[in-house]
Structures are given as C-alpha cells and as structure tokens.
Chemist: 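Got a structure here, written out as structure tokens. Questions coming.
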Amino acid sequence: MQHALAIWLPNQIGISLDELATYAKAGENLPEAATKVEQPLANFLAGQTKHTHEDRRAWVMEKNGKVRQTWLNLSNIISSAFGEDSAYQQRYDLASAVLHSREARGSQLLLNAAGLRKKATLVGFSTLETLCQPENSSGPMLFGAALAVQLHHAAEIGGTTLAADDRRAGQLFGDLTGGLKAGLDYLGQGSRDDPFVIDANLEFYGTQYALLEQLGVNINLSKKLVDYDLQGRFCDLWKMKDREYWFLVRNIEANIIEIPTL
C-alpha cells in the first residue's frame with residue numbers, strides 16, 4: 001500500500017501541476033487550478049495523521065478547529081498506481097480478501113493449511129523481490145524530487161505575479177510547449193568556450209534534460225560530469241561519443257543567479 005501511495009501521490013501532483021501551467025497568467029495570482037496541486041497532498045497528510053494522539057498538525061485542522069474530514073480511496077490508488085490487471089492489484093485484492101475473511105478462512109486453513117502457507121510465502125517473496133528492484137524504489141522518489149524542485153523554483157522566482165508574459169508564467173511550472181527557443185530561453189552553442197546559458201525563469205536541471213532531448217541527445221548513452229569552461233566557470237558537462245554539451249551552472253549556494261535573465 002505504501003508503495004502505491006509513493007507512486008500515486010507524485011503522479012497526482014504532476015498531473016495537477018501540468019494543468020496549472022496551462023492556466024497560469026503573468027501578473028496574476030495563481031488560478032483556481034492551484035488547489036488541485038495541493039489537494040492530493042493535503043488528503044494524504046490529513047488521512048495519515050488524523051487518528052494520532054500526538055499534537056495536531058496545522059494541515060489536519062480546519063479553520064474552525066475541527067479535524068479535517070478526508071479519506072483516501074485505497075482501491076482507486078492501487079488501480080491508478082499499478083493498473084487494474086497488474087500483479088500488484090491481484091495481490092492487493094487477495095490481501096484484502098484475507099483481511100475481510102473472504103479468503104483463507106478457518107475451514108480452508110483446516111483443510112489445506114500447508115498449501116495456503118506455501119502460497120502466502122511465494123506471494124510475499126514475489127512482492128518483496130519486485131519492491132527491491134531499483135527502478136521500483138527510486139523512480140517515484142526521483143519524480144517526486146523533480147516536482148519539489150520545480151515548485152521551489154517557481155516560489156523563488158516570485159510566481160506568476162512577477163512573470164514577464166504568459167509563456168514565462170507557464171514555464172515556471174514546467175510548461176515547455178513549443179520547445180525551447182535559442183536567444184529567448186537559452187544562449188550559447190553548448191561548447192566549452194560557449195556553454196549553454198539557461199534563462200533564469202526556467203528551472204535549471206529539468207531544462208537541461210528538455211533541451212538535450214530537443215537536440216536529439218540520448219541521455220542514456222551519455223555521461224554527466226562537472227568541469228570548468230575556458231573562463232573558469234563551473235559547468236555541467238554531458239559527454240557523448242561525437243561531442244560534448246556544456247551548461248553554465250547557477251550559483252545556488254549564494255541564492256543568486258550569476259547569469260542575467262535573457
């Protein structure tokens with residue numbers, strides 16, 4: 001169940017964030033679609049903590065002091081995360097049936113205890129093996145981290161109220177419809193003596209991937225390093241067999257952007 005939540009929650013936030021980006025307008029507050037971004041997280045947090053005996057957290061409480069009335073549809077979360085015909089869905093259905101005494105009842109255990117124990121053991125090992133595969137554990141975390149970085153970037157820039165135009169307002173939330181445009185979204189040729197300079201309005205790391213994909217680069221066949229360009233500036237370096245792609249890194253530690261907004 002926890003694995004399903006780890007997949008479902010970032011996916012729901014990502015879908016809502018994509019929708020928000022299409023409605024974002026420069027110089028205006030966030031549209032009503034912004035509530036869809038926070039709602040899945042609010043439901044998860046409130047649903048996870050409303051029965052605790054510890055001090056109530058702010059997200060669990062309504063303005064009137066009452067506990068939020070929210071719940072998570074576990075069956076829908078499982079189906080959304082894994083698909084209705086997946087092995088995970090079948091295992092969840094089996095576990096639910098056992099918990100609610102529809103399967104593995106006393107009479108069944110009495111007649112075939114050894115067989116049921118063996119089946120349960122095999123299902124357990126199969127589930128554990130699947131969960132331990134790196135792609136199943138790291139994938140949701142990486143996606144969730146990327147969303148967090150995107151939202152943090154939008155907040156640091158000042159949100160839509162400070163965006164120069166509607167296109168840039170959407171870009172704050174990851175909307176790169178129409179692709180990245182040289183001279184508008186980035187400068188440079190991507191070489192060591194002329195590295196790519198990404199516009200400060202764009203989230204730096206996600207835009208790297210987007211630009212490389214736009215240029216036809218298979219990042220799975222490239223090696224990412226860090227190095228200094230010919231002027232001694234810190235850069236991200238993507239090495240391919242036939243060429244290299246250099247990106248001038250922003251000074252994040254000082255909380256400033258060393259490059260001007262294009």
Side-chain angles (χ1 to χ4, degrees), residues 4-47 59 68 70 72-73 76-84 139-187 196-219 236 247 250 252 257 259-262:
L5 282 168
I7 296 175
W8 170 83
L9 186 56
N11 282 344
Q12 291 300 305
I13 295 176
I15 291 171
S16 300
L17 195 60
D18 288 342
E19 181 181 353
L20 170 62
T22 62
Y23 291 107
K25 299 293 182 183
E28 299 180 7
N29 293 326
L30 292 176
E32 291 185 6
T35 60
K36 294 183 179 180
V37 178
E38 66 178 17
Q39 196 60 51
L41 182 58
N43 287 349
F44 171 73
L45 291 174
W59 58 75
R68 289 180 183 270
T70 184
L72 297 172
N73 189 315
N76 288 347
I77 290 173
I78 294 288
S79 297
S80 175
F82 304 125
E84 294 184 358
M141 290 189 291
L142 292 175
F143 183 51
L147 290 175
V149 169
Q150 185 71 58
L151 289 169
H152 181 70
H153 167 75
E156 280 195 325
I157 291 295
T160 53
T161 56
L162 299 181
D165 51 50
D166 291 349
R167 181 174 181 270
R168 291 179 182 271
Q171 286 179 335
L172 282 175
F173 299 100
D175 183 8
L176 301 180
T177 302
L180 296 162
K181 302 184 184 301
L184 181 62
D185 298 317
Y186 66 93
L187 296 173
F196 287 131
V197 179
I198 296 175
D199 177 30
N201 185 73
L202 293 161
E203 193 279 306
F204 179 68
Y205 295 101
T207 304
Q208 278 192 51
Y209 285 90
L211 181 55
L212 289 171
E213 181 180 358
Q214 181 176 306
L215 295 173
V217 177
N218 186 345
I219 60 174
D236 277 350
F247 291 83
R250 299 170 183 169
I252 298 176
I257 298 174
I259 57 177
T261 301
L262 305 184

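Along the sequence shown, residues carry numbers from 1.
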Chemist: For a side chain to side chain contact (heavy atoms under 4.5 Å, CB included) with Leu172, tell me which candidate from Ile157, Leu151, Leu20 qualifies.
Modeler: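 Going through Ile157, Leu151, Leu20 one by one, the side chain to side chain contact (heavy atoms under 4.5 Å, CB included) with Leu172 is satisfied by Ile157 alone.
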
Chemist: What closest approach, in Å, do Gln150 and Gly174 show between heavy atoms, and which atom pair accounts for it?
Modeler: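 Reported closest heavy-atom pair: NE2-N, 3.5 Å.
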
Chemist: Measure the CG-CG distance between Leu180 and Asp199 for me, rounded to the nearest 0.5 Å.
Modeler: 10.0 Å

Chemist: Could you tell me whether Glu213 atom CD has more than 12 heavy atoms of other residues or ligands within 6.0 Å of it?
Modeler: no

Chemist: What verdict does the side chain to side chain contact (heavy atoms under 4.5 Å, CB included) test give for Val149 and Phe204, after you've listed the backbone C-alpha separation in whole Å, the side-chain angles of each residue and the deciding distance to 0.1 Å?
Modeler: CA-CA 10 Å; Val149 169; Phe204 179 68; over 6 Å; no

Chemist: Say you draw a straight line from CG of Leu176 to CD of Glu203; how long is it, rounded to the nearest 0.5 Å?
Modeler: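 Leu176 atom CG to Glu203 atom CD measures 10.0 Å (nearest 0.5 Å).
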
Chemist: State, with a plain yes or no, whether a side-chain heavy atom of Arg168 is found less than 4.5 Å away from one of Asp165.
Modeler: yes

Chemist: Please test Asp236 against Tyr205 for side chain to side chain contact (heavy atoms under 4.5 Å, CB included), starting from the C-alpha separation and ending with a verdict.
Modeler: CA-CA 10 Å; Asp236 277 350; Tyr205 295 101; 3.6 Å; yes

Chemist: Looking only at heavy atoms, what is the nearest atom pair of Ala24 and Thr160, with distance?
Modeler: CB-CG2, 3.9 Å

Chemist: Would you name the heavy atoms of Ala154 and Phe173 that are closest together and state the gap between them?
Modeler: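 Taking Ala154 first and Phe173 second, the nearest heavy atoms are CB-CE2, 3.9 Å.
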
Chemist: Working to the nearest 0.5 Å, report the span between CG of Asp18 and CD1 of Ile13.
Modeler: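 Interatomic distance, Asp18 CG to Ile13 CD1, rounded to 0.5 Å: 12.0 Å.
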
Chemist: Parallel, tilted or perpendicular: which fits the ring planes of Phe247 and Phe196, with parallel below 30° and perpendicular above 60°?
Modeler: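 Ring orientation, 0 to 90° scale: tilted.
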
Chemist: Side chain of Gln171, backbone of Asn201: donor and acceptor closer than 3.5 Å?
Modeler: no

Chemist: Is the closest basic N to carboxylate O distance between Arg167 and Asp185 below 4.0 Å?
Modeler: yes

Chemist: If I compare all heavy atoms of Ala169 with all of Lys25, which pair ends up nearest, and what's the gap?
Modeler: CB-C, 3.9 Å

Chemist: Taking Asp166 for its side chain and Ala26 for its backbone only, find out whether a donor-acceptor pair lies under 3.5 Å.
Modeler: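 Between the backbone of Ala26 and the side chain of Asp166 there is a qualifying donor-acceptor contact (under 3.5 Å).
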
